[in-house]
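These numbers come from the heavy atoms of this one structure, side chains and all, not from hydrogens, waters or symmetry mates.
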Amino acid sequence: ALEKKLNVKLVERSVRSTTLTEEGEKLAKRGRKLLVDIESLQNEIIADKQVIEGELRVLSPLGFGIDYIAPLVTEFQERYTNIDIDLTLSDIPRWTDRQHPDVMVYIGELKNSSLKCIHLAENRRLLLASPQYLRNSPPLLCPQDLHKHQCIALRENDEDVTMWKFEATSNQPLTGVRIHPKLSSNVGQVIKDWAVDGKGIIQRSEWDVTKELKSGELVSLLPDFPIPRADVVALVSDDRQQRPLKVNLFLDFIKARLSNRPWFN
């Protein structure tokens, strides 16, 4: 096949033996070196993948990143001191083809199905208000009653933040209510503070409001009409076998710490 491809005779053939021609000797000598170089390159790439060093780029939602990811990043870096970690926090985290992180922590509706998703922790979304607000407001018995209330919207992840969805149950179909927020913000802490101050009803992740629920500053509303969950996940571009060791170690580390939902502790 090589002779045909190169249009040159590489082997002298006789009944008793075969010997390489001058061109065949040249090809064999250079070919051996090329094969060794290819094997060396493969081993080098495999070794690089196993080295726990270099930069690790992490992207996380703002509030969750401050409370949970940032402390885990410093703990992980102290464990693997040869890794430099760049943590970016954003109220609208985005994965782009030109610039993307090694790991993107995400909470909310997933839009990019091409990314690999690693589940980190369960996270319910709740409808909440303060006792102060509820004392002076109309009854809230079903999602449609939200039209009679002051609603507060959080702008995040490019979602349709004025469409509040409620899961289908054995007693009710999937429900969506279009709210008309009197207040809105792109920062979760701001809308939570407004709700605690009695300014209206919010929809917020469980990880962010456990303290206020325990203290009674906020109460959960419409327990018979659950909101679709927004689990905490990590998004990456490759399968585990193709990812550098540092990325897999970081994913395993944060999954172990977040899977027991530390916001309840």
*asked:* Is the shortest side-chain heavy-atom distance between E212 and V196 below 4.5 Å?
replied: yes
*Return the minimal non-hydrogen interatomic distance between A195 and I152, and the atom names on each side.*
N-CD1, 4.2 Å
*To the nearest 0.5 Å, what is the distance between CG (L126) and CG (D208)?*
10.5 Å
_Minimum-distance pair of heavy atoms, taken over all atoms of K148 and P138_ = O-CG, 3.8 Å
*Any salt bridge between R257 and E75, counting N to O under 4.0 Å?*
yes
*Do side-chain atoms of T21 reach the backbone of K9 as a donor and acceptor pair under 3.5 angstrom?*
yes
*How long is the span from the CZ atom in F166 to the CG atom in L127, to the nearest 0.5 Å?*
5.0 Å
*If you take all heavy atoms of I191 and Q203, which pair is closest and at what distance?*
CD1-O, 4.4 Å
*With side chains defined as the heavy atoms from C-beta onward, is the minimum distance between L27 and L10 less than 4.5 Å?*
yes
*asked:* Quick check for you: to the nearest 0.5 Å, what is the distance between I85 atom CD1 and I69 atom CD1?
replied: 11.0 Å
*Answer whether the closest heavy-atom distance between the side chains of L89 and I66 falls below 4.5 Å.*
yes
_When you compare the side chain of Q189 with that of K192, does any pair of heavy atoms fall below 4.5 Å?_
yes
*Between the side chains of N186 and D91, does any donor sit under 3.5 Å from an acceptor?*
yes
_Close side-chain approach of P101 to T88, heavy-atom, < 4.5 Å_ = no
*Which of parallel (below 30°), tilted (30 to 60°) and perpendicular (above 60°) describes F253 and F76?*
tilted
*Between S130 and Q132, does any side-chain donor sit less than 3.5 Å from a side-chain acceptor?*
no
*Can you say whether the rings of F64 and W207 are parallel (under 30°), tilted (30 to 60°) or perpendicular (over 60°)?*
perpendicular
*Under 3.5 Å, is there a donor-acceptor pair between the S184 and R155 side chains?*
yes
*asked:* Taking atom NZ as the centre, does K5 end up with more than 12 heavy-atom neighbours from other residues, nucleotides or ligands that are less than 6.0 angstrom away?
replied: no
*Are any of the side-chain heavy atoms of M104 and R94 separated by less than 4.5 Å?*
no
*If every non-hydrogen atom of R243 is compared with every non-hydrogen atom of I118, which pair is closest and at what distance?*
NH1-CD1, 4.3 Å
*Give, for atom CD1 of I201 and atom CG of L140, the distance between the pair rounded to the nearest 0.5 Å.*
5.0 Å
*Side chain of T74, backbone of P71: donor and acceptor closer than 3.5 Å?*
yes
*asked:* Using the ring centroid of each side chain, check whether W263 and Y68 are separated by less than 6.0 Å.
replied: yes
*Provide the closest heavy-atom pair for L221 versus L128 in the form atom of the first, atom of the second, distance.*
CD1-C, 3.9 Å
*asked:* One pair to check against side-chain hydrogen bond (donor to acceptor under 3.5 Å, both in side chains): T162 and R178. What are the steps and the verdict?
replied: CA-CA 6 Å; T162 63; R178 178 71 66 183; 2.7 Å; yes
*Working to the nearest 0.5 Å, report the span between CZ of R240 and NZ of K116.*
14.5 Å
*Taking all non-hydrogen atoms of both residues, which atom of S220 and which atom of L213 are closest, and how far apart?*
N-CD2, 3.9 Å
*Do the rings of H147 and H180 sit parallel, tilted or perpendicular, given the 30° and 60° boundaries?*
tilted
